[in-house]
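Predicted model, so just to flag it, every value in this text is computed and none were measured. Throughout, protein chains are lettered first and strands after them, A, B, ... in sequence-line order, and every chain is numbered starting at 1.
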Amino acid sequence: MGEPSLRRDGAWVGASVPRREDPRLLTGRGRFVDDITLPRMLHAAFVRSTEAHALLTSVDLTEARQVPGVVAAFDAADLGLGDITALLDRPAEEFAPTAMPVLARDRVRFAGEPVAIVLATDPYAAEDGVEAALVELEPLTPVVTEAAALAAAGPPVHDEAPGNVLVDVSLFATEGIDGIFGEAHTVVTVEARTGRQNALPLETRGVVADWDDRDEQLIVRTCTQVPHQVRTVLARCAGLDERQVRVTVPDMGGGFGQKCVVGREEIAAAAAARLLRRPVKWIEDRREALTAGFLAREQHYTARAAFSGDGEILALDADIVCDMGAYSCYPFTAGIEPLMASAEMPSVYRVPAYRVRGRAVTTNKAPTAPYRGVSRPQYVMVMERLMERAARELGLDALDVRRRNLITEFPYRGINNVTYDPGSYLESLDLCERVLREEGWPGRALDDGRVLGIGYACFSERTGYGSGAFAQRKMQVVPGFDISQITMDLDGTVSVTTGTLSHGQSHETTFAQIVADRLGIGYDKVKIVQGDTDRITYGWGSFASRSVTIGGSAAAAAAVKLGDQLRALAAHLAGVDVDSCELDGDGGVRAGDRTLPFTELADVAYLRAHLLPKDVGPGLTATASFDVGGDGTFSNATHGCVVALDPGTGGVEILRYVCVEDCGVAIHPRVVEGQARGGIAQGIAGALFEQVTYDELGQPLAPSFMEYKVPTAAEIPDVRIEHLETPCAFTANGAKGAGEGGTIGAPAAVLNAVNDALRGTGVELDSTPLARADLYAALNREAS
Amino acid sequence: MTDVQLVELTVNGERHDLAIPPRRTLADVLRHDLGLTGTHLGCEHGICGACTVLVDGAPARACLLFAAQVENAAIRTVESLAGPDGELSDLQRCFGEHHGLQCGFCTPGFLMLAEGYLAEEPDASRDEIREVVASNLCRCTGYETIVDAVDDCASRRRAALQAALDTVPATAATRPDSGSTT
């Protein structure tokens, strides 16, 4: 890394400095989990269920164990592990607890569920062993759709949840809401379904585990967003002390939420390593990732909204059903999607009356986990469709209807009992519209016979949920805080721990910028330590756009504390009052008429401790924690999308995409833009391309990239990004989260643009992914 | 499947003698037998392109090739791009400058794809580059910055070539190998 040259006004925060991650990643010297090889290492592969729902009558691994290269094979009984169980503190009528065994016992609940683990000297032999395993299954009627789950005709997916409902909450019901609907000028309804999607980190899940006799520890190197939670679950499942498990995370090739839950395969592989006293590696293959990895997003909304004649929303009533698949994920549970949607559906609008019912149903499909945005892509899409539909029915401009209803005064206490952080809801809409207008899109005709459409989406996203916000969900395990420890070495450089964890978001750079500013040193003098449960106090990893908001604030607070120590020490050595001492912004402390470089202070702290004040111990280290108070922070954005629809094929091309985002103080604007662009690509993917599908027996129909269509550079447009900055009042650095917004806004913007292009056909489409056949039919319908 | 075959591979200019099962893929040989872990595996069925390497100068999916198939070829991996002193190549620098990578997992595949393509088509337009970049999958960037990085690298190489031509007497001007970066 050359000399950083992009420093802005003496501050690292706000400057798009070169990423400290890049040199190793660009040269192939990153270390991802599959890059780790240990002596005597075995390779694991899983025997998986071929049925979606069946009694597991026998697992015979005799033949598998005879395969050349196979060293061992275990079923659930052989491993003898406890189950993974995620719980909510909610009454029985709201929540049905269910367990996820590490390997299936007695019964399988989705095609692809792991039944046994085979260990061999190389991965090819492990797969040969899987081929040789004999599993007897007695098929049961599979529950494949939400409708079938709720009809509950066949055997339930879990005996503990007889009606296949895992979560059923009615969080809000404004008194008199039916009267408001009865008297309203206009009531509009949107029924929307969103497809099941795979978060699809390009690096699949994986683990390398081995037992260390010297440390009496199971050392687990795994590809996870939540190392401490993996440690906790593994210790509990295997009956080990927490200190007997060390989870470390190497470089990670993306996560997007799929890796922020504890998977069963890494637990099984680690347990096998302990049993065999040999290192074990498991790397998920893409077929496993597409059929047995955690999925997300399959939801069904029936939403009604009452409006006044001039477009003011008066009431919102929603029924939300989320198809969570076969198991509840740890730690979030199957409540993750319905609880998020129910609590936050009113979005950026002043909704005076609200009623909602949110349900999680269980089906015989691969289980779900959080995925970038969690429910917000869906409810934002539904809210934005309601706004558009009301505008059409009332003969008003859809943007004017939004403006009439947007929250503009902050802090705003919503009908959902959430207090919204100040944002730029109206300003972002105005700017987005202006940009597209100035680029000349409105009114433009295409000369190739295609139809142009422009769509918008306004939204905010709660980011950096603190413990308080998660506690409202009534999770039995409550994420929220973060702790950082900072240590200065003799040379004046520092190492900072964070309980958050980068899987592509540039923590090594952005955290270093935050700390560098607090201490007045170069960002290249700051080393970030992440992803090691032995080096980091309990942490919650990275999800919910919490890293910079909460983790960054903890790191900033720790740096400030260390700065105070340095000032106090300088004051003592210089014989002046501490209040007159200041960090000089260049690696030293101004103390009276002297400047003491950090190296000199560190020299005293470590090598000449006899010079320290009597009440000060040796060393230079400080610890701080941070939690977001109240209801969390809220980033916001408006997305604008221009599409061209081809009446000849039903094809959609996105011609232009504009994103006006406000995540408060952007630590590294380029990183923020990267998060937005990548998120938008994933949102477009959900709107137009990607869907996990099953046949009527619950067999996955998209087991490879041939069937699961991931958009490429040919489908994803260039994105113009405009920044607004409403600093956050609740974080130490003014930042709000920036990880998920792109994904949240894109489906609504794309869908609205397509519907704009369909104007005059009499067809409005509310579900995603948009089927080309539906678009073709709509465009070729005789106008009635 | 315990048969072993002797295979001689040339990777990044270095010869390796290997005794491997015939079904062993080039990707696994590069990563696990030769320790060149920069080549990544994202799907193992030829779609994502994270394993792209150069085989006789042309981008190829290392997951779809058996090592035994490429015995007589010159193979280049991402480890060959930077100089021996670790100095990044122009293409690598462009990826960094344009934020063309986030998690970095797909990056070696895109680098090798672009390296092979620009050697073949030094005059590629941005649209043509976008079409080629569509060969590989990235889940972080939304692709725009990858296209920008490759486009910028192509422009800089063209400018450098032009500058070189401008300084050489007209009679002596010959077109140098535009694909060479070392």
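Residues of residues 35-43 of chain B lying under 4.5 angstrom from chain A, judged on non-hydrogen atoms, are Thr37(B), Gly38(B), His40(B), Gly42(B), Cys43(B) in numerical order.
Contacts between Thr141(B) and chain A at a heavy-atom distance below 4.5 Å involve the backbone alone (N, CA, C, O). Only the backbone of Ala199(A) comes within contact range of chain B, judged by heavy atoms closer than 4.5 Å. Contacts between Gln505(A) and chain B at a heavy-atom distance below 4.5 Å are absent for every atom of the residue. Contact annotation for Leu137(B): both backbone and side-chain heavy atoms come within less than 4.5 Å of a heavy atom of chain A. For Ala713(A), the parts sitting under 4.5 Å from any heavy atom of chain B are the backbone and the side chain alike. Only the backbone of Ala125(A) comes within less than 4.5 Å of a heavy atom in chain B; its side chain stays farther off. When heavy atoms are compared at a cutoff of 4.5 Å, Val671(A) approaches chain B by way of both its backbone and its side chain. Contacts of Leu200(A) with chain B are made by both backbone and side-chain atoms, with heavy-atom separations under 4.5 Å. Both the backbone and the side chain of Arg670(A) come within contact range of chain B, with heavy atoms under 4.5 Å apart. With a 4.5 angstrom heavy-atom cutoff, Thr27(A) touches chain B via backbone and side-chain atoms both. Both the backbone and the side chain of Asp34(A) come within contact range of chain B, judged by heavy atoms closer than 4.5 Å. Using a 4.5 Å cut-off between heavy atoms, Asp148(B) does not touch chain A at all. No part of Pro123(A) comes within reach of chain B, as not one of its non-hydrogen atoms sits under 4.5 angstrom from that chain. For chain B, the nearby parts of Phe705(A) are the backbone and the side chain; heavy atoms of each come within less than 4.5 Å.
For the atom pair CZ of Arg93(B) and CG of Asp22(A), the computed distance is 13.5 Å after rounding to the nearest 0.5 Å. With values rounded to the nearest 0.5 angstrom, Leu202(A) atom CG is found 5.0 Å from Cys48(B) atom SG. Between the NE2 atom in His99(B) and the CZ atom in Arg19(A) there is a gap of 5.5 Å [rounded to 0.5 Å]. Taking CD of Glu203(A) as the start and SG of Cys103(B) as the end, the distance is 7.5 Å to the nearest 0.5 Å.
A donor-acceptor pair is defined here as one N or O able to donate and one able to accept, closer than 3.5 Å; no such pair exists between the side chain of Arg677(A) and the backbone of Thr145(B). In terms of modelled atom types and a separation under 3.5 Å, the side chain of Tyr143(B) and the main chain of Pro711(A) share a donor-acceptor contact. Within the 3.5 Å criterion, the main-chain N or O of Arg286(A) finds no donor-acceptor partner in the side chain of Glu44(B). Of the possible polar contacts, one joining the Gln102(B) side chain to the Gly674(A) backbone as a donor-acceptor pair under 3.5 Å is found.
The number of heavy-atom neighbours closer than 6.0 Å to CD of Glu128(B), taken from other residues, nucleotides and ligands shown, is above 12. Around atom CD of Glu87(B), no more than 12 heavy atoms belonging to other residues, nucleotides or ligands sit under 6.0 Å away. When the shell of 6.0 Å around CD of Glu120(B) is examined, it contains 12 or fewer heavy atoms from other residues, nucleotides or ligands. Crowding of Arg31(A) atom CZ: a count of heavy atoms from other residues, nucleotides or ligands under 6.0 Å not exceeding 12.
Only one option out of Leu81(B), Leu91(B), Leu101(B), Val78(B) pairs with Leu26(A) in a side-chain contact (heavy atoms from CB on, under 4.5 Å); it is Leu101(B).
Among Ser506(A), Ala714(A), Ser704(A), the residue making the largest number of heavy-atom pairs under 4.5 Å with chain B is Ser704(A). Comparing Gly742(A), Gly504(A), Gly28(A) by heavy-atom pairs within less than 4.5 Å of chain B, the highest count is held by Gly504(A).
When the side chain to side chain contact (heavy atoms under 4.5 Å, CB included) test is applied to Ala160(B), no partner is found at least two apart in sequence or on another chain. For Asp718(A), the side-chain hydrogen bond (donor to acceptor under 3.5 Å, both in side chains) partners two or more places apart in sequence, or in a different chain, are Arg126(B), Arg130(B).
For Gly104(B) against Leu25(A), the heavy-atom pair with the smallest separation is CA-CD1, 4.1 Å. Scanning all heavy atoms of the two residues, the minimum distance from Thr25(B) to Tyr124(A) falls at N-OH, 3.0 Å.
Salt-bridge annotation for Arg139(B) and Glu690(A): present, with a side-chain N of the basic residue lying under 4.0 Å from a carboxylate O of the acidic one.
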**Asked** Stepwise, does the side-chain contact (heavy atoms from CB on, under 4.5 Å) test hold for Asp35(A) with Arg31(B)?
**Response** CA-CA 8 Å; Asp35(A) 301 342; Arg31(B) 290 181 49 74; 2.7 Å; yes
In residues 52-70 of chain B, what donor-acceptor pairs under 3.5 Å come from side-chain atoms, sequence neighbours left out?
unit_1   : atom_1 : unit_2    : atom_2 : d
Thr52(B) : OG1    : Gly49(B)  : O      : 2.6
Thr52(B) : OG1    : Arg61(B)  : NH1    : 3.3
Asp56(B) : OD1    : Ala74(B)  : N      : 2.8
Arg61(B) : NE     : Gly46(B)  : O      : 3.1
Arg61(B) : NH1    : Asn136(B) : OD1    : 2.8
Arg61(B) : NH2    : Ile47(B)  : O      : 3.2
Arg61(B) : NH2    : Ser135(B) : O      : 2.7
Gln69(B) : OE1    : Phe66(B)  : N      : 2.7

